[in-house]
K.L.:
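Here it is, the structure in full.
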Amino acid sequence: MGVRTFVVVGGTSGLGLAVARLLVDEHRVVVFGNVPAEVAAATDELGCDGAVCDISSYEQVRDGFAEVVERYGTIDGVAACASMWAGGELGDLSVEHIRQAVEINVLGLTYLLREVVGHLHRQGHGNVVYIGALALAAPRPGIPVYRATKSYGNSLVDSLAEAQHSNRVKVMQLHPGPMPTRLQERVGAEFLDEVYALPEQVATEVVRLLLLAPDDLYVSGERVLRADGRW
């Protein structure tokens, strides 16, 4: 299909940055991040476009995608990698931390998908890959808020995927295991897992889904459970 245009939301670190690195040599990539210095660093490293976009703001999401469409005409795929960690017991989390996690992982994802799916349908094709969490596979009492917000994302993507009625717009989700990224570091939490997958390993699967062509097999709604080293 030649050179395509991809937006990596949360593309300034961790899994998102790994996805952008895999795409940038052969495709146009735009990274979205909510910290200006991190967006600048990622775009300098990759030699790609970027935009400061806090997905908890609908206006920023709307304007960010409108700018990409205006510049490139189409968006062939979007990797929804932005997320906020909320580890710890419910009573140990501050009210502000809970609010931010919900604003990013719940409201932000909703705003993002509202805009993205609309753009993809107007142009008649495109792929969305939402990064969920393997933590949904079983109850995790130690991370109730984080798991709850990711459960919302899983449900929303499931419903949207079923509603597309077209293979040309694919809405998919990938549930990786724990990865040593800045997700925890940003809020002062330590990464304690002894067995885990690296972002670079999971990124190959994200890219595989993003590169699916409009006429490839019907996979909208597919949930990929990426082995994290335990299995």
K.L.:
Please tell me whether V52 and V30 are part of a single hydrophobic cluster in this structure, the criterion being side-chain heavy atoms less than 4.5 Å apart.
P.N.:
no

K.L.:
What distance separates M172 CE from L212 CG, expressed to the nearest 0.5 Å?
P.N.:
5.5 Å

K.L.:
I'd like to know if the side chain of Q123 reaches the main chain of H125, judged simply by a donor and an acceptor atom lying under 3.5 Å from each other, with no hydrogens or angles considered.
P.N.:
yes

K.L.:
Once rounded to the nearest 0.5 Å, what's the spacing between atom CG of L109 and atom CD1 of I131?
P.N.:
11.0 Å

K.L.:
Kindly give the heavy-atom pair with the smallest separation between E26 and V3, and that separation in Å.
P.N.:
O-CG2, 3.7 Å

K.L.:
Applying side chain to side chain contact (heavy atoms under 4.5 Å, CB included), run through S56 and L107 and close with a yes or a no.
P.N.:
CA-CA 6 Å; S56 67; L107 293 177; 5.9 Å; no

K.L.:
When you look at R208 and E205, which way does the side chain to side chain contact (heavy atoms under 4.5 Å, CB included) test go after all the steps?
P.N.:
CA-CA 5 Å; R208 179 184 74 83; E205 189 69 11; 2.7 Å; yes

K.L.:
Would you say I55 and L156 are hydrophobically clustered, going by side-chain heavy atoms of ILVMFWY under 4.5 Å?
P.N.:
yes

K.L.:
Where the side chain of H175 meets the backbone of G132, is there a donor-acceptor pair that is under 3.5 Å apart?
P.N.:
no

K.L.:
When rounded to the nearest 0.5 angstrom, what is the spacing between OG1 in T149 and CD in Q100?
P.N.:
12.5 Å

K.L.:
Would you check if V145 and L90 make a side-chain contact, meaning some heavy-atom pair closer than 4.5 Å?
P.N.:
yes

K.L.:
Please report the interatomic distance CD(Q60) to CZ(F65), rounded to the nearest 0.5 Å.
P.N.:
12.5 Å

K.L.:
Got a sec, which hydrophobics cluster with V95, joining ILVMFWY side chains under 4.5 Å apart, including via others?
P.N.:
none

K.L.:
Given side chains that start at C-beta, do those of I75 and V116 come closer than 4.5 Å, heavy atoms only?
P.N.:
no

K.L.:
Between K170 and L209, is any pair of side-chain heavy atoms under 4.5 Å apart?
P.N.:
no

K.L.:
Shortest non-hydrogen contact from L46 to A20?
P.N.:
CD1-CB, 3.6 Å

K.L.:
Can you confirm whether more than 12 heavy atoms, excluding those of E96, are under 6.0 Å from its CD atom?
P.N.:
yes

K.L.:
Can you tell me how far CZ of R99 sits from CE of M84, rounded to the nearest 0.5 angstrom?
P.N.:
9.0 Å

K.L.:
Taking side chain as C-beta onward, heavy atoms only, is F32 less than 4.5 Å from V68?
P.N.:
yes

K.L.:
Between T204 (side chain) and Q201 (backbone), is there a donor-acceptor pair under 3.5 Å?
P.N.:
yes

K.L.:
Shortest non-hydrogen contact from N34 to P36?
P.N.:
O-CD, 3.8 Å

K.L.:
Does the S159 side chain pair with the main chain of S155, one donor and one acceptor, at a distance under 3.5 Å?
P.N.:
yes

K.L.:
Ignoring hydrogens and angles, tell me if any N or O in the side chain of D76 forms a donor-acceptor pair with the backbone of T5 under 3.5 Å.
P.N.:
yes

K.L.:
Is the shortest side-chain heavy-atom distance between L17 and P199 below 4.5 Å?
P.N.:
no

K.L.:
Of the non-hydrogen atoms in P214 and R168, which two are nearest, and what is the gap between them?
P.N.:
CB-NH1, 3.5 Å

K.L.:
Minimum heavy-atom separation for L120 and G126, please, with both atom names.
P.N.:
CD1-C, 3.6 Å

K.L.:
Relative to each other, are the rings of W85 and Y146 parallel, tilted or perpendicular (30° and 60° limits)?
P.N.:
tilted

K.L.:
In this structure, would V39 and F6 fall into the same cluster of hydrophobic residues linked by side-chain contacts under 4.5 Å?
P.N.:
no

K.L.:
Under a 4.5 Å cut-off applied to non-hydrogen side-chain atoms, are T43 and V31 in contact?
P.N.:
yes

K.L.:
Quick one: do E59 and R62 make a salt bridge, cutoff under 4.0 Å?
P.N.:
no

K.L.:
Please say which of L211, V8, L210, V207 ends up in a side-chain contact (heavy atoms from CB on, under 4.5 Å) with L22.
P.N.:
V207

K.L.:
If you count every heavy atom of other residues, nucleotides or ligands that lies below 6.0 Å from E45 atom CD, does the total exceed 12?
P.N.:
yes

K.L.:
OG1/T110 to CD/E103 distance, rounded to the nearest 0.5 angstrom?
P.N.:
12.0 Å

K.L.:
Should C53 and V61 count as side-chain neighbours, where that means a heavy-atom distance under 4.5 Å?
P.N.:
yes

K.L.:
So, do D158 and E162 sit near enough that their side-chain heavy atoms are less than 4.5 Å apart?
P.N.:
no

K.L.:
Take R71 and D49 through the salt bridge (Lys or Arg N to Asp or Glu O under 4.0 Å) test and state the conclusion after the steps.
P.N.:
CA-CA 11 Å; R71 180 162 190 173; D49 280 348; 2.9 Å; yes

K.L.:
Which atoms form the tightest heavy-atom contact between H97 and L93, and what is the distance?
P.N.:
ND1-CD2, 4.0 Å

